[in-house]
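Encoded as structure tokens, the structure appears first; notes follow it.
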Number of protein chains: 2
Amino acid sequence: MNPDLVLYDSRIQQYVATLDIAALEALESITETKTYPKGSLMLKAGQICRNSFELVSGIARKYHLHNGAEITNEIYFEHDLALSFGSYALQRPSEEYIEALTDVTARVIHYDSFQKAKEEHPMLRQLDLMLLEYYGIWVEDRMNQMRRYSATERYKQLLEHTPHIIKSVPLTYIASYLGISLETLSRIRSRR
Amino acid sequence: MNPDLVLYDSRIQQYVATLDIAALEALESITETKTYPKGSLMLKAGQICRNSFELVSGIARKYHLHNGAEITNEIYFEHDLALSFGSYALQRPSEEYIEALTDVTARVIHYDSFQKAKEEHPMLRQLDLMLLEYYGIWVEDRMNQMRRYSATERYKQLLEHTPHIIKSVPLTYIASYLGISLETLSRIRSRR
DNA sequence: CGACATATTGAGATCCATCAACCAATGTGG
DNA sequence: CCACATTGGTTGATGGATCTCAATATGTCG
């Protein structure tokens, strides 16, 4: 994975470790653990993304429709934070779907509750900001990947940096995540 | 431009209008207006991006090197906020350059000063967060553009949404901003 | 004017998508 | 437990979009 992301992730962990008990309890009190069966939609396009999902177990993906085809934007595993960024930030209807690829258990926090908690516990603002920055760096990195590298190179980097994705997710989704057709991905994999 | 971005921009304006005088004065006191001659580098790769530049006049671009070629990542005009996001957020060395394409005047704020100002004026935190969200939405939008649309479509959308870019920036930079070769851009433009 | 940056045009090569056929594994209803 | 559908993946043939290299044109500024 991008070393900047690794670094930043550890900074977030460190920051969380410094949160006072009141803030942690506030977080806990607004967190609801829910389960979603394989194949179900945790968020549908048209809805406002009012929840953030921190995956406890299972795999999920975020996708949108383009000319009738599903384009996978992001794939989530344990500990990942799933949400439709634009929809969440603006509280406007989402263009994206979030689908459970396996049975999923997630810690769910409602947007309003989190906003309120931030008011009462300013330490959470810093956390919010850090999560936001993390996402910004991630998206930027991903865009650079898409811009700079060929299909083959992108696949190789995925193999290198996040092999668990390839092991546990159908190739169809990986192909569209990489921005290539399933057939091309299949050929890339068969070469050597 | 993306309607979400327009909406969010107005929300930021609204928020700024509610800032108390102390916060505004704090901002003012840490702002330094500087000028950069055409062709000069406001940020070099390898340096840490310690400043944010709010352009008052002129045009600038951000780029990185890939296999010796300059790839333009972003183009800035009046009122735009120029910085290398990853480098600024983490205060780590930048991979990007920021170059003045014309003589540029900018309101410059140092990272440390802004952090301090945020401590003293919590209202500025919210502003920081909003700017961050704005950038997140922008990057996401841009990535979607790159993923979903062909070179021709991307050019057309640029024409439609931000025609001032095309009018005032050499095609070389526009081509690399769009992720296509100069020759392809030239052909796209000549068709019809 | 001459020099250097910027843009256009042409020809050929390359990457990748699309369409279509096929295959293997898994699941399901009778 | 068999016949068949479904899902996920492979393979081949073809075409289109875009890149690269190279030559030429246009513009601009000291």
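Protein chains get the first letters and strands the later ones, always in sequence-line order, with residue 1 at the start of each.
- No side-chain heavy atom of B/Tyr63 sits under 4.5 Å from any side-chain heavy atom of B/Ile75.
- For the pair A/Lys167 NZ and D/dG9 P, the computed distance is 16 Å after rounding to whole Å.
- Going from atom CZ of A/Arg189 over to atom P of D/dG8 covers 14 Å, rounded to whole Å.
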Next on the checklist: Using a 4.0 Å heavy-atom cut-off to protein, can you give one letter per nucleotide of nucleotides 18-30 of chain D, 5' to 3': B if the base is in contact, S if only the sugar-phosphate is, - if neither?
Outcome noted: SBBBB--------
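- Here the side chain of A/Glu25 pairs no donor or acceptor atom with the backbone of A/Ala22 at under 3.5 angstrom.
- Under 4.0 angstrom from either OP1 or OP2 of D/dG9 there lies at least one side-chain N or O belonging to A/Thr172.
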Item to check | B/Arg50 and B/Asp112: CA distance, side-chain angles, deciding distance, salt bridge (charged side-chain N to carboxylate O under 4.0 Å, His left out) verdict | outcome: CA-CA 8 Å; B/Arg50 299 190 191 281; B/Asp112 296 333; 5.4 Å; no
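- Stacking of B/Arg11 on the aromatic ring of B/Tyr134 is not recorded, the 6.0 Å distance cut-off and the 45° axial limit not both being met.
- A donor-acceptor pair is defined here as one N or O able to donate and one able to accept, closer than 3.5 Å; such a pair exists between the side chain of A/Ser94 and the backbone of A/Glu96.
- Panel note: side chain A/Thr162, backbone A/Ile165; no donor-acceptor pair is recorded below 3.5 Å.
- Running 5' to 3' along DNA chain C, contacts with non-hydrogen atoms of chain B at under 4.0 Å begin and end at C/dA7 to C/dA11.
- Contact annotation: the side chain of A/Leu90 approaches that of B/Leu7 to within less than 4.5 Å [non-hydrogen atoms, C-beta and beyond].
- In this structure, A/Glu70 pairs ionically with A/Arg61, as a charged nitrogen and a carboxylate oxygen lie closer than 4.0 Å.
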Checklist entry - Taking it one step at a time, do B/Leu27 and B/Ile109 satisfy side-chain contact (heavy atoms from CB on, under 4.5 Å)? => result CA-CA 8 Å; B/Leu27 268 189; B/Ile109 296 182; 4.2 Å; yes
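- Residues from residues 60-69 of chain B lying near DNA chain C, meaning a heavy-atom separation below 4.0 Å, are absent.
- Looking at A/Arg147, its side chain does come within 3.5 Å of a backbone N or O of B/Tyr177 through a donor-acceptor pair.
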